[in-house]
Amino acid sequence: MSEHTRFEDLISEKLDGVITAAGERELAAHLASCQDCRELMTILSAAHGALDFEAEPPEELKTNVMEAVRAEKNRKKIRLRALTGALAAAAVLAVAILPAALPRHDKAEDIGVAPVSLTRENDTPVAEDPAGYAGDPTGFRLTRPDDPDTPFTVEEYCAAYAAVAWFDALPEEILTSAPQTLFPDGSVGCEVTKEQFDSLLPTALRVTHPSPTGAQYMAVLAAEPE
Amino acid sequence: MTADEEARIVRAAARGDEAAFEKLVLAHQKHVYSLALKLTGSAEDAMDASQDAFLKAFQNLRSFRGESRVSVWLYRLTYNASMDILKKSRRGTLVPLPADEEGAELEIPDPSPTPDEEALRREELEEVRRAMEELDEDKRRILLMREYNGMSYQDIARALGLEEGTVKSRLARARAALAEILKKRGTFQAPPQSNNQTNKRKG
C-alpha cells in the first residue's frame, strides 16, 4: 500500500469516526508535514460537513403519501368491481367463442368444455405461469376450478382474455335486455345472439383464429371497444 | 424498531393495512426526505421524490423479501425516484448554474443557522452534489450510501456483496476521487491564513 493510499484510508476512517488512537496519532503527525494531505482533509471534512444534516420532512409528506396510498387501493377496488360481472361471464364466453361457428345460446356444458374462471393475480411471477400471460396488463389469470392441473392452450388464454374485453365493451342495453344465466360453475353469463355477438365484437372474433399469436392477442386487448 | 417488528409491520402493510404502512412512513420519512433533499438539492423535488419512493414501496411491498432492511430498500427507491426527478427537470446535468439561482430552491429546515450560514450550506451542498455527478458509478454509489444515506460499513457490505474491509478502502478511494474533483473546481479550498468562507464561495 502506498503511503498516499494509507493516509487516504486514515482520513476516510477519521471522517467516519472509526479511526483508532494509533491511526489518529499517525495521521496528525503526517498532516503536520504534508500539504497535499492537509488539503485532502480540509476538502473532505467540508464535503462531509455539507452532507451531515437530517432535514425534518414537511407535515404534508405523510398526508400526501397516505392519500396516494388510499387512492391506489381504491383504484384497484373500482377495477375489480367493474369487472366482477365480466369475470363471471368471461368464464363461459371464453370457451363459447372458441369454435369458429358459434351456435346461439351456447353454454359451457353444451360444447363439452369444463368451466373456466379468471381471477386477478397480478403478483404471479411470469416464471410460474407456463403460458406467460400472468404478467399481462389485464392482471388476470385463467384457472379451471374443476380441473386445476390441466394447462390452458394459448387459444384458450386468448379467447378468455378477449372475452373479458368483449364483455366490458357490451353496451348497457344489451346487458339489461339479454338474459342472464347462471352457469354450472356458479358464474353468471350474458347470452346474446350470434348477430349481437358478431356486431359487438369484431375484435374478439379475431381470436377465433386457430392459433393466435401473442401480438394478435395484444391487438385484441388494445382495440377500442365498439 | 427491531428487524422483527419491522418485518411484521411490512407483512401487515403488504396485506393492505394502511395503519401499518403509516408506521413505516413515520419511521422512515426523515431518512427518505433528507436523502432526497441531498440528492436533488430542492425542497420541492425532495418532496416529490419522497412521495414517489413511498408509493413505489407500497405498490411493491409484496415483493420485499426482507433480505435487506427496509431502510436500505427505501434508500434504493428514494435514490431512483430522485434521479428520475432530476432527469425530468433536466437538472441532473453538469452545467454549473449561478448559486443563487439554484440554491434559492433549497430550504433546509434547521432553526439555528442564520440566513448567511444557511445560504452557505445550500451552496456547499450544491457543490458536493455537482461533484458527485462527475464520479464514476461505483464510486458515486458507495459514497451515496455512506455520506448521503449514513449507512454503516456493515450495511454497505451487505448491500454490495463486499467484505467490510473492501468497503472501507473503496470509500477511501471514492473520497479521494471526490476531493480531486472538488479541488479542480476550487471548492472548499482554504489556503492558510485566509477567510475560509470567502473561499468556499465560487466565483
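Computed over heavy atoms, backbone and side chain alike; hydrogens, waters and symmetry mates excluded. Proteins get letters first, then strands, A, B, ... in listed order; numbering begins at 1 in each.
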What are the two closest non-hydrogen atoms of [X] and [Y], and how far apart are they?
X: B:Leu182; Y: A:Ala47; answer: CD1-CB, 4.0 Å
X: A:Pro58; Y: B:Met47; answer: CG-SD, 3.8 Å
X: A:Leu61; Y: B:Ser50; answer: CD1-CB, 3.6 Å
X: A:Met66; Y: B:Glu18; answer: CE-O, 3.3 Å

Output the distance between atom OG (B:Ser34) and atom CG (A:Leu51), rounded to the nearest 0.5 Å.
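It is 11.5 Å, given to the nearest 0.5 Å.
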To the nearest 0.5 Å, what is the distance between CD on A:Glu56 and CG on B:Leu37?
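With rounding to 0.5 Å, CD (A:Glu56) is 12.0 Å from CG (B:Leu37).
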Under 3.5 Å, side chain of B:Lys30 to main-chain N/O of A:Ala55, donor-acceptor pair present?
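Not at all, since once roles are kept as given, no pair shorter than 3.5 Å links the two residues.
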Treating B:Lys183 as the side-chain partner and A:Leu40 as the backbone partner, does any N or O pair qualify as donor plus acceptor under 3.5 Å?
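Checked: no pair found.
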Honestly, is B:Lys38 close enough over A:Phe53, meaning NZ or CZ under 6.0 Å from the six-membered ring centre and within 45° of the axis?
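That pair qualifies as a cation-pi contact.
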Region of A:Leu44 that comes under 4.5 Å of a non-hydrogen atom in chain B:
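The side chain, not the backbone.
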Sorted by number, residues from residues 140-155 of chain B in contact with chain A (heavy atoms, under 4.5 Å):
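Hits under 4.5 Å: B:Arg146, B:Glu147, B:Tyr148, B:Tyr153.
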Going by residue number, which parts of residues 167-177 of chain B are within reach of chain A, meaning a heavy-atom gap below 4.5 Å?
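Contacts with chain A: B:Lys168, B:Ser169, B:Leu171, B:Ala172, B:Arg173, B:Arg175, B:Ala176.
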Which portion of B:Leu26 sits near chain A, non-hydrogen atoms under 4.5 angstrom:
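For B:Leu26, the contact with chain A is made by the side chain alone.
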Take a 6.0 Å sphere around CD of A:Glu59 and say whether it holds more than 12 heavy atoms from other residues, nucleotides or ligands.
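No, the 6.0 Å shell around CD holds no more than 12 heavy atoms from other groups.
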Heavy atoms from other residues, nucleotides or ligands near CD of B:Glu163 exceed 12 (cutoff 6.0 Å)
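For B:Glu163, atom CD is not crowded (no more than 12 foreign heavy atoms under 6.0 Å).
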May I ask you to test the B:Phe21-A:Val65 pair for a side-chain heavy-atom distance under 4.5 Å?
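Yes - at least one pair of side-chain heavy atoms lies under 4.5 Å apart.
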